[in-house]
Number of protein chains: 2
Amino acid sequence: MISQKWAKLLRSLQQKKYRKIEQLFVVEGEKAVLEVLQSDWSVKALFATEDFLQRHAALAQKAAMVQQASPTELAQVGSFQSNDAALAAVEIPAQLDYQEQAVDWVLVLDQINDPGNLGAMIRIADWYGIKTILCSSDTVDLYNPKVIAAAKGSFLRVQLHYGDLNHWLGQTGLPVYGAYLEGENIHQLALQQQGGYLVMGNEANGISPALAQLVSRKLTIPAFGQTESLNVAMATAVLVDNLKRLSAVRS
Amino acid sequence: MISQKWAKLLRSLQQKKYRKIEQLFVVEGEKAVLEVLQSDWSVKALFATEDFLQRHAALAQKAAMVQQASPTELAQVGSFQSNDAALAAVEIPAQLDYQEQAVDWVLVLDQINDPGNLGAMIRIADWYGIKTILCSSDTVDLYNPKVIAAAKGSFLRVQLHYGDLNHWLGQTGLPVYGAYLEGENIHQLALQQQGGYLVMGNEANGISPALAQLVSRKLTIPAFGQTESLNVAMATAVLVDNLKRLSAVRS
């Protein structure tokens, strides 16, 4: 049974304002909750069905508090349409300072608004072994339940830093690549060095003018058809895939 | 003012059953509606704001019927959260027989369930100039409003055929590539010929066993991190990008 107090708190965490006050966010669904419990993130409260708690008795003990709940109760406090096994309230970790590493690839997100897009981009970063994403302060919040749902467990393995992109990119000596509709064809590119930044712009407006001045190389996915644009998460997948392919050729 | 009769009909078109009975589907939002009006698809009814109708007077005449409506009315009959300019009821065209073309690339979708994924894959096909998608009969309906929304105008330029994939692929002489987690590394692939089929499997279960027997070459996107899988639409974008890159190298 989920207490009234917790039900109210959990629902409030769908809003950024309350996530900030409570320093908590919600992870839903059996698979994602299991991944959080297996990680070193701090689970303040776990709400799960009797069945889940029996099957994962040892892992469940990693939560500071455990309450058994029915699928109906879980659905009522969550934002998923079908969340019938488990839900966790997890502590938001302190944001670490960003430290540049010479040979890494870093994804840079300039005002990404759509939570599904951010979640997908975190998953792409994780697939390609990119450990760091720099986000403009106005990029959608990582702890938005839709971002967490779309990112699957990948948010546990990729570090996101929110802050002033112009500041971070203004002082690097690494190449800064940017996604544009008219740049160098990514299929014919050669890389002079391993690692660098890949900047992806806002869904409607692209990369902001101030940041664009810091882009040293404009990249383009060749179009073979008539549509005007690819979704920004799709474009990220394709660009990162090409950069990783080219890096492997070099190394 | 949208009549009661039309309001009821438009809302019913969110369900496949009624789309089949009426042979109509709904396109929402200014940009998509303009693309439909510019195409040779048959618009049975256009509902739009006074402003939209003034700005696009000539195009609006291509609809068999036009009714002026307020943004509130449009939002009430549509499925979008913000659809404040136009909505069209469009006739579902007859499905053409699929005819294989020797050098084309064809995307093959085996039981794709998520409308957002199908929409994204149509958009990817359009970007890369793939004109044909073969869908298993149990793939989500093209005319589902979420598919149409995610596909943007690309559904106007890509032909989808629903039917028996085993039948179509059982009689081809072209290569049949399939997306797998353990296959040939797409970054190190060489193609013997231009064109062929790329099979993408269901979100949870992959390519079905019967169809898998028709796959001549298993392809894999190399993973550099720890996540188990990429979203199927992302994987499609990356695989198609690589196949088109390799085709260009050949030609």
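Protein chains get the first letters and strands the later ones, always in sequence-line order, with residue 1 at the start of each.
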**Q** CG of A:Asp126 to CG of B:Leu230: how many Å apart, nearest 0.5 Å?
**A** 9.5 Å

**Q** Measure the spacing between NZ of A:Lys152 and OG of B:Ser229 and express it to the nearest 0.5 Å.
**A** 7.5 Å

**Q** Below 3.5 Å, can you tabulate the donor-acceptor pairs from side chains in residues 177-186 of chain B to any protein atom, sequence neighbours excluded?
**A**
residue: B:Glu184; atom: OE1; partner: B:Arg217; partner atom: NH2; Å: 3.1
residue: B:Glu184; atom: OE2; partner: B:Arg217; partner atom: NE; Å: 2.7
residue: B:Asn185; atom: OD1; partner: B:His187; partner atom: N; Å: 2.7

**Q** Would you mind writing out the side-chain donor-acceptor pairs for residues 35-43 of chain A within the sub-3.5 Å range, not counting sequence neighbours?
**A**
residue: A:Glu35; atom: OE1; partner: A:Arg157; partner atom: NH1; Å: 3.0
residue: A:Ser39; atom: OG; partner: A:Val36; partner atom: O; Å: 2.7
residue: A:Ser39; atom: OG; partner: A:Trp41; partner atom: N; Å: 3.1

**Q** Check each atom of A:Ile130 against the heavy atoms of chain B and say whether the ones under 4.5 Å are side chain, backbone, both or neither.
**A** neither

**Q** Yes or no on side-chain contact (heavy atoms from CB on, under 4.5 Å) for A:Ile221 and B:Trp127, after CA distance, side-chain angles and deciding distance?
**A** CA-CA 9 Å; A:Ile221 301 168; B:Trp127 179 272; 3.5 Å; yes

**Q** For B:Lys131, look at atom NZ and say whether over 12 heavy atoms of other residues, nucleotides or ligands are found less than 6.0 Å away.
**A** no

**Q** Quick check on the structure: residues of residues 234-243 of chain A within a heavy-atom distance below 4.5 Å of chain B, by number.
**A** A:Met234, A:Ala237, A:Val238, A:Asp241, A:Asn242

**Q** According to side-chain hydrogen bond (donor to acceptor under 3.5 Å, both in side chains), who are the partners of A:Thr172, at least two apart in sequence or on a separate chain?
**A** A:Glu100

**Q** Count the heavy atoms of every other residue, nucleotide or ligand shown that sit under 6.0 Å from OH of B:Tyr18, and state whether that count exceeds 12.
**A** no

**Q** Closer than 4.0 angstrom, basic N to acidic O: yes or no for B:Arg123 and A:Glu228?
**A** no

**Q** May I ask you to name which of A:Pro222, A:Ser154, A:Gly153 has the most heavy-atom pairs under 4.5 Å with chain B?
**A** A:Pro222

